[in-house]
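Step one of this worksheet: look at the structure below.
All values reported here derive from a predicted model rather than from experimental measurement.
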Amino acid sequence: MPAAVALLALSGAGFACNQGIDPLIPAATEPAYRGHLFTVQTSGMTTAQGVATALSGAAGTEAAPGLVIGVSEVVGTGVVVGLFLRGRD
């Protein structure tokens with residue numbers, strides 16, 4: 001359980017990173033496109049979350065829910081670490 005909690009906290013940090021990205025977007029975008037860009041960003045993020053939830057739910061009907069949660073945490077952590085490393089370049 002402690003490992004699962006640690007992985008969940010680390011993968012959840014990926015969403016917190018969005019708070020640091022939001023201020024960078026206006027600085028890198030022409031004013032005329034900012035509203036559109038935030039709409040596309042939010043739509044994409046919401047869609048990805050919905051798809052991930054649906055896939056996790058479907059996987060949870062075929063496999064043990066604990067296993068699905070654990071795999072989801074590992075994948076989420078991998079994405080956060082990968083983005084962190086990519087951002088350091």
Side-chain angles (χ1 to χ4, degrees):
M1 185 65 147
V5 170
L7 287 171
L8 182 60
L10 184 58
S11 65
F15 184 74
C17 290
N18 192 46
Q19 301 302 316
I21 293 170
D22 282 348
L24 300 175
I25 293 172
T29 308
E30 293 181 34
Y33 297 107
R34 288 181 187 159
H36 180 71
L37 182 64
F38 275 111
T39 300
V40 171
Q41 175 201 19
T42 303
S43 297
M45 186 169 38
T46 303
T47 301
Q49 289 171 343
V51 168
T53 300
L55 291 175
S56 296
T61 63
E62 300 297 323
L67 176 64
V68 173
I69 292 168
V71 168
S72 297
E73 291 173 359
V74 170
V75 169
T77 300
V79 169
V80 169
V81 171
L83 290 173
F84 172 77
L85 294 174
R86 182 177 176 198
R88 291 181 53 191
D89 292 340

Could you tabulate the donor-acceptor pairs under 3.5 Å formed by side-chain atoms of residues 24-31, not counting sequence neighbours?
| unit_1 | atom_1 | unit_2 | atom_2 | d |
| --- | --- | --- | --- | --- |
| Thr29 | OG1 | Ile25 | O | 2.8 |

Side-chain donor-acceptor distances from residues 53-67 under 3.5 Å, at least two apart:
| unit_1 | atom_1 | unit_2 | atom_2 | d |
| --- | --- | --- | --- | --- |
| Thr53 | OG1 | Gln49 | O | 2.8 |
| Ser56 | OG | Ala52 | O | 2.9 |
| Thr61 | OG1 | Ala58 | O | 2.6 |

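A single hydrophobic cluster is seen to contain both Phe84 and Val81, as judged by linkage of ILVMFWY side chains at heavy-atom distances under 4.5 Å, directly or through other members.
Val74 pairs by the side chain to side chain contact (heavy atoms under 4.5 Å, CB included) definition with Leu7, not counting sequence neighbours.
Residue pairs satisfying the side-chain hydrogen bond (donor to acceptor under 3.5 Å, both in side chains) criterion with at least one member in residues 33-43, sequence neighbours excluded, are listed as follows: Asn18-Gln41, Asp22-Gln41.
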